[in-house]
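The structure appears below as structure tokens.
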Amino acid sequence: MAPSRVAIVTGAARGIGAAVAKRLAKDGCAVGVLDLAEDNCKDTVAAIQAAGGTALAVGADVSVADQVAAAVGKVAEELGAPTVLVNNAGILRDNLIFKMSEDDWDLVLGVHLRGAFLMSRETQKHMTEQKWGRIVNLSSTSALGNRGQVNYSAAKAGMQGFTKTLAIELGKFGVTANAIAPGFIETEMTASTAARVGVDFQQFKDGAAAAIPVRRVGQPEDVAAVASFLASEEAGFVSGQVIYVAGGPQD
Ligand code: NAP
């Protein structure tokens with residue numbers, strides 16, 4: 001029987017993060033459910049507890065260092081040393097480059113990259129001490145380039161380099177780092193993109209599905225299943241990888 005672990009999932013109030021938090025709890029982890037507002041974590045925490053798991057709601061902005069330190073400290077104190085980290089919190093501020101503001105560039109890079117950096121720096125202390133850890137970072141197929149997303153695609157490509165470097169630096173401490181790069185996943189994020197471009201969400205999904213080899217869009221649980229494997233004991237020889245969860249191959 002594997003020892004029980006403590007995990008932190010960022011952006012876990014909804015969407016992919018909520019599915020990952022629930023899946024890791026089902027796998028036996030106690031889960032720090034972290035999102036911008038502690039109150040918004042209630043549903044995920046309640047669902048985990050209703051299924052017999054252990055979860056703690058934590059409010060923090062992942063791009064603010066002292067909030068990150070307080071959040072990781074709270075999880076360590078109340079649940080135990082966090083040795084699984086899923087950097088999932090994310091935002092979109094799409095625009096073509098000629099219309100993109102500096103604020104929208106900074107905001108997106110700040111949440112995805114600075115957020116993952118701060119969370120990883122804070123949590124690796126516990127992982128290296130325990131001589132065991134799993135870091136899973138959310139990249140995206142947009143890392144390969146996507147019109148209207150210079151900020152987001154730069155952040156998601158950055159996540160891949162960040163992941164590989166974490167794998168190199170932390171491997172000797174028993175810590176692995178891997179990235180998941182999803183394609184189209186049905187969440188509020190993709191719903192908001194449909195709303196922004198003025199297309200009905202069902203039509204938007206149908207259009208996306210037609211271009212995906214498996215002929216459907218992804219669900220948060222598709223990503224959670226891969227996160228579950230990467231966070232598991234048996235994935236200890238898989239590190240520095242980017243796994244596309246996109247219903248088909250990527251260039
Ligand atoms: P989502 O439904 O928009 O959920 C993102 C969550 O992150 C929200 O609960 C949000 O909180 C939280 N968050 C935003 N900024 C934060 C911050 N500074 N600190 C803490 N939490 C913050 O998004 P999703 O679709 O589940 O996406 C999850 C991750 O997967 C993101 O990194 C995204 O880029 C990536 N991804 C998604 C897709 C897709 O098709 N959906 C594809 C590829 C990659 P608020 O609600 O309070 O803003």
Side-chain angles (χ1 to χ4, degrees), residues 10-20 35-37 40 61-64 86-120 136-165 178-220 222-223 226 242-251:
T10 70
R14 63 171 198 238
I16 294 170
V20 171
D35 211 287
L36 268 176
N40 293 347
D61 181 336
V62 295
S63 64
V64 179
V86 181
N87 283 311
N88 166 83
I91 57 167
L92 293 178
R93 291 293 183 276
D94 294 355
N95 231 327
L96 294 172
I97 189 162
F98 78 97
K99 286 190 282 191
M100 184 163 292
S101 69
E102 289 159 47
D103 281 352
D104 284 350
W105 174 269
D106 290 343
L107 212 55
V108 167
L109 274 286
V111 174
H112 294 272
L113 272 184
R114 183 180 158 84
F117 156 64
L118 292 173
M119 286 298 305
S120 302
V136 179
N137 296 319
L138 267 291
S139 177
S140 166
T141 51
S142 295
L144 303 168
N146 198 24
R147 185 179 159 81
Q149 292 195 318
V150 280
N151 50 1
Y152 185 78
S153 61
K156 291 309 199 185
M159 286 297 250
Q160 299 191 7
F162 175 68
T163 300
K164 288 169 197 277
T165 302
N178 292 284
I180 300 175
F184 191 119
I185 308 293
E186 184 174 349
T187 68
E188 282 187 41
M189 187 178 268
T190 38
S192 72
T193 301
R196 192 178 57 80
V197 296
V199 178
D200 167 73
F201 192 36
Q202 190 58 50
Q203 273 181 339
F204 194 62
K205 285 186 290 180
D206 291 346
I212 296 171
V214 302
R215 294 291 188 274
R216 68 171 177 89
V217 299
Q219 295 300 318
D222 291 313
V223 178
V226 179
V242 179
I243 301 184
Y244 284 86
V245 178
Q250 301 300 310
D251 294 333

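Just so you know, residue 1 is the first one in the sequence shown, and it goes up from there.
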[X] side chain vs [Y] backbone, donor-acceptor pair below 3.5 Å:
{"X": "Thr10", "Y": "Asn88", "answer": "yes"}
{"X": "Asn137", "Y": "Phe162", "answer": "no"}
{"X": "Ser63", "Y": "Arg114", "answer": "no"}

With the side chain counted from C-beta on, respond yes when [X] and [Y] share a heavy-atom pair under 4.5 Å apart, and no when they do not.
{"X": "Ile16", "Y": "Thr187", "result": "yes"}
{"X": "Asp222", "Y": "Arg216", "result": "yes"}
{"X": "Thr163", "Y": "Val242", "result": "no"}

Looking at every non-hydrogen atom in both residues, tell me the closest pair between [X] and [Y] and how far apart they are.
{"X": "Ala246", "Y": "Thr141", "result": "CB-CG2, 3.9 Å"}
{"X": "Val197", "Y": "Phe204", "result": "CG2-CE1, 4.2 Å"}
{"X": "Ala89", "Y": "Val111", "result": "O-CG1, 3.9 Å"}
{"X": "Asp35", "Y": "Ala12", "result": "OD2-N, 3.3 Å"}
{"X": "Ala181", "Y": "Gln160", "result": "CB-NE2, 4.4 Å"}
{"X": "Leu138", "Y": "Pro182", "result": "CD1-CG, 3.7 Å"}

Value rounded to 0.5 Å, distance of [atom1] in [X] from [atom2] in [Y]:
{"X": "Ile91", "Y": "Asp104", "atom1": "CD1", "atom2": "CG", "value": "8.0 Å"}
{"X": "Leu107", "Y": "His112", "atom1": "CG", "atom2": "NE2", "value": "9.0 Å"}
{"X": "Tyr152", "Y": "Asp94", "atom1": "OH", "atom2": "CG", "value": "8.5 Å"}
{"X": "Ser139", "Y": "Asn87", "atom1": "OG", "atom2": "CG", "value": "12.0 Å"}
{"X": "Arg215", "Y": "Asp206", "atom1": "CZ", "atom2": "CG", "value": "12.5 Å"}
{"X": "Met100", "Y": "Asn151", "atom1": "CE", "atom2": "CG", "value": "3.5 Å"}

(message) Assess, by modelled atom type and distance only, whether the side chains of Ser142 and Gln149 contain a donor and an acceptor separated by less than 3.5 Å.
(response) yes
(message) Parallel, tilted or perpendicular, judged at 30° and 60°: which one describes the rings of Phe201 and Phe184?
(response) parallel
